[in-house]
Amino acid sequence: MNKQKFFILDGSSLLYRAYYALPLLESGAGVYTNAIVGFSNMLVKLLNDWRPDYLAIAFDKGKHTFRTDMFAEYKGTRKPMPEELRSQVPMLHELAEAWGVPLLELEGYEADDIIGTLANKAVAQGMKAYVVTGDRDALQLVKPDLTVLFTKKGISDLAVYDEAAFQAEYEGLDPIQLIDLKGLMGDTSDNIPGVPKVGPKTAMKLIAAYGSVEQVLLHIEEISGKALKERLRENQQQAVLSKQLATIKLDVPVEFDRESFALGLDGEALNKFYGRYDIRSILRYVKKLASMYAGGTAGHSGAEGDEAARKLLEITLLQTEKEGRSLARKAAKCGSIYLVPVAEGKVPRRRLLAVAVALADAGGKRPELYYFSCNEDGCDDGGMDSLFAGMEMAEADQEPAAAVAKNPAWAAFAAALSNEKITKYLHGMKEFYLAGIEMSGRVVDLELTGYLLNPSASRYAVEDLAERYGSSNVIEKADGWQQAELAGWQCLVLADVAKAMTDKLAALGMTKLYEEIELPLVRVLADMELAGIRVNCRKLQQQTEQVAEKIAALAKEIHSLAGREFNISSPKQLGEVLFEDLKLPVIKKTKTGYSTDVEVLNELYNKHPIISKILDYRLWTKLKSTYLDGIAPLIDSRTCRVHTTFNQTVTATGRLSSSEPNLQNIPVRREEGRHIRELFEPGEGYDLLLSADYSQIELRVLADMSQDENFLRAFRQQEDVHARTAAEVFGVAIDEVNGELRRKAKAVNFGIVYGISDYGLAQDLHIPRAEAKDYIDKYFAKCQGVKSFIDKVVAEAKENGYVLTRYGRRRDLPAIRSSNFNQRSLAERMAMNTPIQGTAADIIKLAMIRADRALRNAGLKSRILLQVHDELVLEVTKDELAQVKVLLQEAMEKAAELSVPLTIDINTGENWAEAK
DNA sequence: AATGTCACG
DNA sequence: ACGTACGTGACATTC
């Protein structure tokens, strides 16, 4: 029989996390952040994911009485909530009462101590104990049957530390030895001194060798390093005291009151509490929760509501081959189908779990809904299934998900997908490609369509499209729906919005852009994501170690130069050190305090030796946290490849973006960072990485669009375009242009592309504004084609309210008519920049489609892995190299016929750094 | 969640 | 007079 589960929550640290982690909330009391809602969300999720039998919340004495001053403030301004609203904010003890969960606090003891004591008592009684906290210190409690759940991001996302997970992170260390580590290294945030100058590294070494603080102190004489020996000798008492401070007490006089901890929810009390404060985000789960825990026993019923909702939608669940075949026939008669994929996980583990299908007949009746899922009974697994659609489940021992492909009905329905006479309206074609599903005939991806119609929107989920393009015909989404109902409802929305959206796309002249660029690109992107790029894990580990040492050394130097220890990564603390302790001049301020960015630090460079160390520290910590530690967990352990996601509906200009990890911002400009590129290599079966990048594509687009004679001539005669610009602007011959003049001209060219302003140029070049203005005036006098082009673009944007790229991609710029100078100026710069950046983006997208097709047609193994705005990265084999080069040149240089030639540079190497 | 900082084109 | 260069994503901190 399974052991009963006792959960004890660290209310103090969780409320604190909830305060920072919470989205804007609207409730009866106005708009504010409210930790109570965050805390409630966490409770709901905890109950859903873990099904506790017993539950209690511990507090530092007196802390739970906080309500408004600390936990509910106006967002943004961070001002305390106005007095008159305070009485409308729920207090924590009310919440605990509504949930029937005891709040525990004890004079003279911290929440940690109560938690440790009770968790151990629960284990002694034969239960499994779980500690939920935002405080890493609790990890010292981990032991058999005692697991620590630690908040990662936000509050609902929990890292699970059982014994195995602890060992994976702290190899060879006993959880209780964490207090010995702290005794030696201290903890600034907890005011634990430790032994001066002893950091994590030294502490680890000592504890690994001797086991505890006491043993270390007994063996001081054996320890190597004169200075270290001295410091240990001098700070013996402090070390022992620090260890005591870090120790969670396990002998708190508190009873394990089994009965009061037993979880039994009273739906009415919860409804009353959340109803009183009008907190709807929680109200919708109350019914389900209450039925789960009705009368104090954890039950798994409560499906009645689902049945009702499902009936309302009349979704037919399909399971057999016969059912699938029959639907395919029906679809052929209809002529069009609506598809919504349901997927989870990350490539290469991403699985298409289910597909909802709608068939709309011409009669105008409500479409028929069907659902293909992966389970035996054709239904989603109700057991671990979420109360919510939007939140992820606990990651605890999840089986690899089954896929819809295993459903015989789906396999039979493939006949409809390959039937050219059936139009497929869907949302997210990439999901299908990632699952290996092909389609023939007309495919209308309404997610992409939504993006083309308004690339400035932040989201294109079906819900957003319903709001933007929907009629009132679609029934309202109901709370408590499961996946099948949600996906079915989304199909109804697609059927509702499809015509309006495709009509609008045609009216705006973007059908061709969709059919010839965006849609064919999806397939290329899916293949790139599936391929991934190989990372050399051994090198990654080496670099991580080397960089860690550099950082530790720099931190030591910085602390000693500052005369005290502080968190160098905290702009706030760094500001205090530089501008208060060291009294350096304040260069500029941010809205919250002193600015400490590169610009500022560079100005202070000669004023104090600490500055260069801080710049180095920033450089190396950036590399370590973002590119070494950040990428490591995203590497597939079986293949050593990372699989980024290329987002096709993010940027306002038409560019792609890359995330998890972002492989479009791997360092290259500086030598130190460039080493990161050495980690990226050709994978198994390939010999080289190849990089093909467009030369000056944006300026060539500018030349083409503006027809400016200087630019046309420069590119046609293969001159150095920045040198040519310098020659014109500064009135010298092109071979008289020195590095300095060229640098300035280059900055002006960039400025033109970004939407020039004298202020921006002055900042970039570190020159007075008047001088910058002078450059721009001269530039426009010489390059009149460019001048009249940007004037024309801005004038047209004002006239129409939007701008277009060469291929008809559109960006609305309503702010261009704003009376607010700032907003209007920004819109004007966008008007100048978007046609250029966007056209370049169109061209490389075309090039990707052409290159991919050419590689396939030639039957080559070499393939595209990455796109970095003006560059494609491929992995190639030695014997295909020559052919690939020729084919890429054709695909990329001929992707568009401009008034000037498009040229590419190709480089290859054994890693990405060499292929530059 | 918001902010500051910094990596890329 | 106003007071910013265009387009992205990731990380650490905030008390």
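A quick note: this is a predicted structure, and the numbers were derived from the prediction, not measured. Order of the sequence lines sets the chain letters (A, B, ...), proteins ahead of strands, with each chain counted from 1.
Contacts of T621(A) with the nucleic acid, taken as non-hydrogen atoms under 4.0 Å apart, are absent. Across all strands shown, A840(A) has no heavy atoms under 4.0 Å from either base or sugar-phosphate atoms. E698(A) comes within 4.0 angstrom of nothing in the nucleic acid, heavy atoms only.
Between the CD atom of Q573(A) and the P atom of dT3(B) there is a distance of 20 Å, rounded to whole Å. Distance, I587(A) CD1 to dT5(B) P: 13 Å, rounded to whole Å. Rounded to an integer number of Å, the gap from Q664(A) CD to dC6(B) C1' is 16 Å. Residue L628(A) contributes atom CG, which lies 18 Å from atom P of dC6(B) at whole-angstrom precision. Distance D870(A) CG to dG7(C) C1': 13 Å, rounded to the nearest Å. Between the CG atom of D629(A) and the C1' atom of dC11(C) there is a distance of 11 Å, given to the nearest Å. Put simply, CD1 on I676(A) is 13 Å from C1' on dC8(B), counting in whole angstrom units. Distance CD (E576(A)) to C1' (dC15(C)): 12 Å, rounded to an integer number of Å.
Heavy atoms from other residues, nucleotides or ligands lying under 6.0 Å from CZ of R459(A) number 12 at most. Heavy-atom neighbours of K798(A) NZ from other residues, nucleotides or ligands within 6.0 Å: above the threshold of 12.
Among dC11(C), dC6(B), dG7(C), the nucleotide with an atom closest to any side-chain atom of S625(A) is dC11(C). Among the nucleotides dG4(B), dC6(B), dA10(C), the one closest to any side-chain atom of P571(A) is dG4(B). When the nucleotides dC6(B), dG4(B), dT8(C) are ranked by their closest atom to the side chain of K622(A), dC6(B) comes out on top.
K787(A) and D708(A) are not joined by a salt bridge, as no carboxylate oxygen comes within less than 4.0 angstrom of a charged side-chain nitrogen. Checked for salt-bridge contact, R810(A) and D812(A) meet the test: a charged N lies under 4.0 Å from a carboxylate O.
For the pair R700(A) and Y694(A), the cation-pi test (distance below 6.0 Å, angle within 45°) is failed.
Of all heavy-atom pairs spanning M705(A) and T839(A), the tightest one is CE-OG1, 3.7 Å.
Applying the 4.0 Å criterion to OP1 and OP2 of dG9(C), one finds that T644(A) has every side-chain N and O outside that range. Residue R618(A) places at least one side-chain N or O closer than 4.0 Å to OP1 or OP2 of dC6(B). Look at T651(A) and you won't find any side-chain N or O under 4.0 angstrom from OP1 or OP2 of dG7(C). Between S569(A) and the phosphate of dC11(C), there is no side-chain N or O to OP1/OP2 separation shorter than 4.0 Å. For the pair T592(A) and dT14(C), the criterion of a side-chain N or O lying under 4.0 Å from OP1 or OP2 is not met. Close to dC8(B), at under 4.0 Å from its OP1 or OP2, lies no side-chain N or O of N662(A). The shortest distance between the side-chain N/O atoms of K572(A) and the OP1/OP2 oxygens of dC15(C) is below 4.0 Å. OP1 and OP2 of dC11(C) both lie 4.0 Å or more from every side-chain N or O belonging to T626(A).
Although no hydrogens or angles enter the test, the distance criterion places no donor-acceptor pair under 3.5 Å between the side chain of R655(A) and the main chain of A841(A). Using modelled atom types, one side-chain atom of Q648(A) and one backbone atom of E518(A) make a donor-acceptor pair closer than 3.5 Å.
Applying the side chain to side chain donor-acceptor pair (under 3.5 Å) test between Y594(A) and each of K588(A), E576(A), E580(A) identifies E580(A) as the sole match.
Scanning DNA chain C for stems, defined as runs of 3 or more consecutive Watson-Crick or G-U wobble pairs whose donor-acceptor distances all fall under 3.5 Å, gives the following ranges: B:1-9 with C:6-14.
For the atom pair CG of L513(A) and OH of Y807(A), the computed distance is 10.0 Å after rounding to the nearest 0.5 Å.
Toward the 5′ end of DNA chain C lies the nearest nucleotide of N647(A), the other residue of the pair N647(A) and S570(A) mapping further downstream.
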Next on the checklist: Please determine whether side chain to side chain contact (heavy atoms under 4.5 Å, CB included) holds for the pair T651(A) and Y451(A), giving the CA-CA distance in whole Å, both sets of side-chain angles, and the decisive distance to 0.1 Å.
Outcome noted: CA-CA 9 Å; T651(A) 71; Y451(A) 171 64; 3.5 Å; yes

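A distance of about 15 Å separates the P atoms of dT5(B) and dT4(C), rounded to the whole Å. The same atom, C1', is picked in dA7(B) and in dC2(C); the two are 32 Å apart, to the nearest Å. Rounded to the nearest Å, the gap between the P atom of dC6(B) and that of dA5(C) is 15 Å.
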Checklist entry - Nucleotide by nucleotide, 5' to 3', does protein get under 4.0 Å of the base (B), only the sugar-phosphate (S), or neither (-) in nucleotides 1-6 of chain C, counting heavy atoms? => result -BBBBB

